[in-house]
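Each chain gets a letter, A, B and so on, in the order the sequences are listed, and its residues count up from 1.
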2 protein chains.
Amino acid sequence: MSSVAINEARTGRRNGPSIMDVARLAGVSGQTVSRVSNQPELVKPATRERVLHAMEKLGYSPNRAARALRDGVYGSIGLLAHRFDRTGEAMTTDAVLRAAETRDLSVTLVSVHEPESEGWAPAAKRLQHQTVDGLIILRSEGDSTEPLALPPRFPVVVSDSRENGQYPSVINDEPIGVRAAVDHLLDLGHRTVHHISGPTDSEPARVRATAWRNRLVAKGVPVVEPIVGDWTADAGYRIGQQIADDPEVTAVLCANDHTAFGLLHALHERGIDVPGDVSVIGFDGISLAAHATPPLTTVRQDFTTMGTELVHLLVDQMNGATTRKHPHVAVPTELVVRESTGPMRRR
Amino acid sequence: MSSVAINEARTGRRNGPSIMDVARLAGVSGQTVSRVSNQPELVKPATRERVLHAMEKLGYSPNRAARALRDGVYGSIGLLAHRFDRTGEAMTTDAVLRAAETRDLSVTLVSVHEPESEGWAPAAKRLQHQTVDGLIILRSEGDSTEPLALPPRFPVVVSDSRENGQYPSVINDEPIGVRAAVDHLLDLGHRTVHHISGPTDSEPARVRATAWRNRLVAKGVPVVEPIVGDWTADAGYRIGQQIADDPEVTAVLCANDHTAFGLLHALHERGIDVPGDVSVIGFDGISLAAHATPPLTTVRQDFTTMGTELVHLLVDQMNGATTRKHPHVAVPTELVVRESTGPMRRR
DNA sequence: TAGAAAAATGTTGACGTCGACATCCTGAGA
DNA sequence: TCTCAGGATGTCGACGTCAACATTTTTCTA
């Protein structure tokens with residue numbers, strides 16, 4: 001049995017070749033190998049070549065765990081959310097990933113299962129000394145006032161629908177889009193605007209509903225209680241079947257595009273013309289909105305900027321930048337007018 | 001200046017409290033603290049309490065980097081893909097994440113920028129000795145024959161549209177869905193089925209196109225060259241405007257649902273009835289498909305099972321299970337008939 | 001109550017890396 | 001040929017954890 005085999009048996013050899021393996025092969029000390037990795041200009045070209053060659057042959061690459069242990073830095077950021085398969089989260093995740101890579105950071109996903117059962121705090125804590133240098137929290141469901149109980153000075157950025165003051169945040173300026181949407185419909189002559197909201201435990205849903213209500217009030221227009229949906233097209237469809245029977249409804253602002261698609265479906269089925277009889281506006285600006293029947297007027301959110309800004313703010317904190325207490329960035333949303341909205345016409 | 005401050009200045013103190021900090025506070029040895037974390041039953045209840053208390057007070061939690069260094073295991077898996085914001089990737093990512101958490105694994109995202117410029121291999125290699133114990137590769141674009149050049153015995157599972165033999169894989173059985181779709185249309189009396197494909201550099205796109213062609217041939221039906229799209233609804237729309245002028249087209253199988261939405265849009269605009277004049281089938285089974293106008297017949301992919309199986313196969317490898325050379329799992333796809341398909345009618 | 005088994009706790013070292021410091025080598029100038 | 005600066009390379013130790021082994025304390029038996 002070779003000594004290598006013995007060594008493997010003893011150590012388990014789960015790790016790849018180490019700096020010492022390379023050193024031995026190249027006939028230099030470990031430190032020189034380290035220098036070749038980090039400050040090659042300090043090593044004589046001939047030696048450098050030899051080391052590089054040994055690295056190549058052994059398939060060496062520095063062990064991140066060891067580096068992390070030594071430096072206390074992981075080169076990684078955590079991304080916390082409920083789910084990652086919905087429009088907003090997926091788009092933001094992708095943008096965060098790209099922004100992080102620019103800075104040589106990797107991204108670790110962490111999902112918080114049920115908002116009720118296990119709160120955000122435990123999940124966040126689980127990460128604390130784990131493998132990330134900072135945390136981006138994509139919060140939507142759940143009570144946004146719940147404090148996160150993270151260690152002091154731990155870099156955190158929150159993506160919320162409103163500042164909660166607790167942490168720096170990047171918020172989507174949803175009210176601005178909602179106002180534009182409401183105004184757009186009112187300008188078209190509608191007497192009021194109905195609203196199909198998201199679930200009540202969702203912060204963005206509340207923010208959108210509130211902005212809608214406030215705008216109607218500000219315009220001196222009657223407010224009809226919103227109908228509660230759950231973000232899904234199915235809910236939009238169900239609700240649409242009810243709305244179809246109500247001649248009072250001539251303009252509907254949906255909490256998101258999916259809901260709008262469901263609504264459009266139901267109205268179409270009932271032979272109600274959009275925008276002839278009812279105008280519909282969505283929210284999110286998903287790519288399919290342009291190809292709804294009819295093409296959907298919607299409020300576009302800029303998830304790319306959101307992701308970029310989140311990373312930016314987080315990295316600032318990780319670098320210990322002069323953090324004036326609470327930087328907040330608002331990413332504007334924008335009304336995109338298509339063909340699902342039109343002048344009011346008595347039904 | 002307090003000694004704490006000095007200590008912080010010297011060490012940088014980037015890391016949180018260590019096992020020794022807890023040990024000192026609780027008046028025990030480091031090993032006892034370690035035991036409380038890992039095998040609490042070996043510690044006398046009274047001592048255990050004291051240690052737990054100290055941990056709580058200090059906000060201690062074990063340092064993962066140190067564990068990883070010692071054990072050679074990171075407790076983390078890497079997820080490699082081009083993008084994470086498209087239907088398939090996003091759904092799979094979410095499923096992978098859930099499956100991974102069940103096994104106490106975290107998930108690190110790695111994106112491969114341009115398939116051409118930087119290949120998969122460098123990205124994969126970058127991870128190799130980095131911070132993951134295994135790798136899940138969500139491959140779509142790029143040449144699937146390119147070998148990955150990973151270290152031998154490194155656990156890898158590939159999600160591809162076809163086995164490439166190189167690694168264990170979980171594939172979506174797309175041909176089965178495609179065949180069902182083609183048969184469905186042919187059964188409805190259509191003389192042939194046209195195809196709007198995905199981009200030619202995409203493996204799933206090729207697989208779908210091939211399955212479609214093969215089925216037509218097998219059925220002895222004339223094959224018309226597919227029209228190349230790019231997965232987007234916009235492309236579907238553009239292509240739809242051309243197709244609208246061609247009375248030969250009575251049934252179209254789209255490479256994905258987005259394309260189908262665009263197509264539906266274009267046809268609707270031209271006053272071409274679906275399914276009266278043209279039948280349309282999508283692929284993916286996104287939730288919005290049920291609410292297209294008309295509700296879209298599509299081939300549903302089971303991304304949840306995909307994610308679960310990927311993790312399953314990967315964990316098997318990580319545990320060094322008796323890997324009969326190449327386990328391959330095929331997740332079936334399924335035709336979902338809705339209202340966008342109907343009997344052929346001469347246009 | 002001695003004696004021994006069992007339970008509880010402590011000590012040591014190794015995982016891989018790299019900063020700080022020490023040592024060695026080369027070549028220029030005297 | 002000798003000295004010395006500077007370049008090149010080497011040695012040491014610390015980061016936090018935990019298996020293996022060592023030691024101490026408790027508990028039970030005869």
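Side-chain atoms of B:Thr92 come within 3.5 Å of backbone N or O of B:Gly88 as a donor-acceptor pair. A side-chain donor-acceptor contact under 3.5 Å links A:Thr308 to the backbone of A:Thr304. Looking at B:Asp21, its side chain does come within 3.5 Å of a backbone N or O of B:Ser18 through a donor-acceptor pair.
Between B:Tyr60 and the phosphate of D:dT17, there is a side-chain N or O to OP1/OP2 separation shorter than 4.0 Å.
Atom-to-atom distance recorded for B:Ile77:CD1 and B:Asp133:CG is 9.0 Å, nearest 0.5 angstrom.
Considering all non-hydrogen atoms of both residues, B:Gly30 and B:Met20 come closest at CA-SD, 3.9 Å.
From one end of the helix from C:dT1-D:dA30 to C:dA30-D:dT1 to the other, with five pairs defining each end axis, the axis direction shifts by 50° (rounded to 10°).
If you measure from atom CE of B:Met55 to atom P of D:dT17, you get 9 Å, rounded to the nearest angstrom. Taking atom CG of residue A:Asn63 and atom P of nucleotide D:dC15, one finds them 18 Å apart after rounding to whole Å. Distance CG (B:Asp21) to C1' (D:dT17): 13 Å, rounded to an integer number of Å. Atom C1' of nucleotide D:dG6 and atom CD of A:Glu41 are separated by 16 Å, given to the nearest angstrom. Between the CG atom of A:Asp71 and the P atom of C:dG16 there is a distance of 16 Å, rounded to whole Å. Atom P of nucleotide D:dG16 and atom CE of B:Met20 are separated by 11 Å, given to the nearest angstrom. If you measure from atom CG of B:Leu69 to atom C1' of C:dT17, you get 9 Å, rounded to the nearest angstrom. The NZ-C1' distance, from A:Lys44 to D:dG7, rounds to 9 Å in whole Å.
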Shorter than 3.5 Å, N or O on both sides, protein versus nucleotides 19-24 of chain C: list them out with atom names.
unit_1	atom_1	unit_2	atom_2	d
C:dG19	O4'	A:Arg70	NH2	3.0
C:dG19	O6	A:Gln31	NE2	2.6

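Taking the side chain of A:Thr47 as heavy atoms from C-beta on, and the options D:dT9, C:dA8, C:dT17, the nearest nucleotide is D:dT9. Side chain of A:Val28, nearest nucleotide from C:dT17, D:dG10, D:dC18: D:dG10.
Ion pair A:Arg86/A:Glu89 flagged as a salt bridge, since at least one NZ, NE, NH1 or NH2 atom sits closer than 4.0 Å to an Asp/Glu carboxylate oxygen.
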- Task: Applying side-chain contact (heavy atoms from CB on, under 4.5 Å), run through B:Ile137 and B:Val157 and close with a yes or a no.
- Result: CA-CA 6 Å; B:Ile137 301 180; B:Val157 178; over 6 Å; no
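Counting only N and O atoms by type, the side chains of A:Thr108 and B:Ser106 include no donor and acceptor under 3.5 Å apart.
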Side-chain polar contacts of residues 47-55 of chain B - donor-acceptor pairs under 3.5 angstrom, sequence neighbours left out - could you list them?
unit_1	atom_1	unit_2	atom_2	d
B:Arg48	NE	B:Pro40	O	3.2
B:Arg48	NH2	B:Pro40	O	3.4
B:Arg48	NH2	B:Val43	O	3.0
B:Arg50	NH1	B:Ala26	O	2.6

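Nearer to the 5' terminus of DNA chain D, by closest-nucleotide assignment, is the contact made by A:Thr32 (compared with the other of B:Arg67 and A:Thr32). Both A:Ala66 and B:Gly30 lie near DNA chain C, and the one whose nearest nucleotide falls closer to the 5' end is B:Gly30.
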